[in-house]
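As a basis for the values below, the full set of heavy atoms in this structure was taken, side chains included, without hydrogen atoms, waters or symmetry mates. Remember, it's a predicted structure, so these values are computed and weren't measured experimentally. Heads up: numbering here begins at 1 and tracks the sequence.
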Amino acid sequence: MRFVRESVAGLPRTFWMLFSAMLVNRVGAFGMLLLPIYLTTARGASVAVAGLVVGAYGAGGAGGTLLGGVLADRWGRKATYLAGTTTAAALMVGLGLARPIWLIAVLAAAVGLAHSLPGPATVAAIVDVLPEADRSRAFNLQFWAFNMGSAIAAALAGVIAEFSFLALFLIDAGMTAVTAVLVWRLVPETLQRRRPAAASAPGARGGLPVVLRDRVFLTFVGLTFVLALLTVQGQSILQLAMEGDGLRPSAYGLVVSLGGAMIVVGQLFVPRLIGARRHAVVLAAAFTLLALGYSTVFLADRLWVYVAAASVWTVGQMLAAPPNASIIAELAPTALRGRYQGVFFLVFPAAGFVAPSVGGWSLQHLGPWHWLACGALGLLGAAGHLWTARRREARAASIRDAEITPQATVEPAFA
């Protein structure tokens, strides 16, 4: 089909190798997916304790994203990716074998750190090898790969968990190791050590403190944190709500896999759907759909209602992915690309800590009203994007005008 060819044509080999590595890694991402149910059923933890343990994973990830951003600019993209994946594979085996809750929490935090190291390096590498005109569709494809793999993982994880939770962790470790081998053998280093023009550009010196003083960027990060908080509800708290309604782990796997299937089928249409519309308008629409979807869970007590709610918020996630990734690429000076990505990616493990920790308590004490609160948060995020759009767009334009960006590495594209 023509639109498929337009979506994939001309992208460099390095992008496709990173795309493939992400897909393989997500297909095997079993262990953390069902961690809350594993803790409450196999380890006898309460809902609140399960939320705290999953939160430890997010807390570890928060440190991992910052560290990964710094290392991606210092060690290089490839070395940082390999450090994270090889460490995560070993830790995942230990997590599957651990029995005391305190040890599981410690290992979950360590896994979170290791899992988060490759994120900033991967996106920085994609930006390294692609010109600005190609980045939106590349990020759209990256989001597609992430969710394609997650959909397969969710469908398999629910079934495997019926027989063996240990197998979830061991398979996860094995697939993570395979990912490391793929990157080691097939992905070149994309960091260019000497970039005189980029080094002299405004904001290019000073390291992480420069990023943390960038108010326009941090406002965008804060809004993305709201997006991440809502997204994590469907990855952690939702399964606890479904369990409370008497639904089995395989039912949760079905909900997640159907959402992933929607992304697999529809994500390639998103660039055409959003067209040249302003990023802020698309993001406001996405947040509104997220608010509507999570508010619907207030009424859910049967599987089909959960499926309907997930369908709505999945469309919101699909719309948000390309403009979100494009904005961070526009706001990051070239020489600090890894650090900007590291701070940006911090929102996801931070949400991975806050959402289950607070969400577990909220669901236990507020019951279904928890989901109406999520809806209100989504509407506030939509308003925030519209309110801050003009200043963010002005900053992106000033960076484009002031910085002489080196030409992206040219590589042969797949035929």
Side-chain angles (χ1 to χ4, degrees), residues 61-81 83-84 113 116-132 135 139 189-228 279-280 283 323-351 384-385 387-409:
T65 53
L66 288 177
L67 180 60
V70 173
L71 294 181
D73 284 338
R74 291 186 177 179
W75 288 2
R77 323 309 195 198
K78 182 174 181 177
T80 304
Y81 191 104
L113 188 149
S116 296
L117 285 179
T122 299
V123 178
I126 291 173
V127 177
D128 288 342
V129 301
L130 287 171
E132 184 175 349
R135 289 172 187 167
F139 291 135
E189 178 55 64
T190 64
L191 176 64
Q192 297 182 22
R193 298 293 179 180
R194 294 183 179 181
R195 289 174 171 168
S200 61
R205 295 182 181 274
L208 195 58
V210 171
V211 185
L212 299 178
R213 290 195 298 267
D214 188 338
R215 293 184 180 180
V216 172
F217 170 72
L218 291 180
T219 299
F220 171 67
V221 169
L223 291 170
T224 307
F225 179 66
V226 175
L227 173 67
H279 292 329
L283 287 169
N324 230 25
S326 295
I327 288 171
I328 176 60
E330 293 169 1
L331 294 178
T334 302
L336 298 178
R337 190 169 283 158
R339 289 172 173 84
Y340 267 75
Q341 293 292 344
V343 173
F344 173 72
F345 271 87
L346 178 64
V347 302
F348 300 103
H385 271 295
W387 182 263
T388 60
R390 190 178 299 276
R391 190 177 180 189
R392 188 167 62 232
E393 290 165 357
R395 170 61 64 81
S398 69
I399 290 176
R400 284 195 300 270
D401 293 341
E403 184 176 68
I404 301 174
T405 305
Q407 293 296 314
T409 304

[atom1]/[X] to [atom2]/[Y] distance, rounded to the nearest 0.5 angstrom?
X	Y	atom1	atom2	answer
T388	E393	OG1	CD	9.0 Å
L283	L227	CG	CG	8.0 Å
Y340	L336	OH	CG	6.5 Å
L117	T80	CG	OG1	7.0 Å
N324	T224	CG	OG1	4.5 Å

Got a donor-acceptor contact below 3.5 angstrom from the [X] side chain to the [Y] backbone?
X	Y	value
T190	V129	no
E189	R77	yes
S116	G61	yes

Please give me the minimum heavy-atom distance between [X] and [Y], naming the atom from each residue.
X	Y	value
P120	G338	CB-O, 4.1 Å
W75	A83	CZ3-CB, 4.1 Å
H385	A280	O-CB, 3.6 Å

### Query
How would you list, by chain and number, every residue that makes a ring pair (Phe, Tyr, Trp, His ring centres under 6.0 Å) with F139, sequence neighbours excluded?
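If we apply the ring pair (Phe, Tyr, Trp, His ring centres under 6.0 Å) test to F139, skipping adjacent residues, there are no hits.
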Would you call [X] and [Y] a side-chain contact if the rule is heavy atoms closer than 4.5 Å?
X	Y	value
R135	V127	yes
I328	F217	yes
V221	L346	no
R392	E330	no

### Query
Between F344 and F220, how do the two ring planes meet: parallel, tilted or perpendicular, split at 30° and 60°?
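It falls in the parallel class, under 30°.
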### Message
Run the side chain to side chain donor-acceptor pair (under 3.5 Å) test against T219 and tell me which residues pass, sequence neighbours left out.
### Response
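Per chain and number, T219 pairs via side chain to side chain donor-acceptor pair (under 3.5 Å) with no residue.
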#### Entry: salt bridge (Lys or Arg N to Asp or Glu O under 4.0 Å) involving R395 - partner list, sequence neighbours excluded
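R395: salt bridge (Lys or Arg N to Asp or Glu O under 4.0 Å) contacts with D214.
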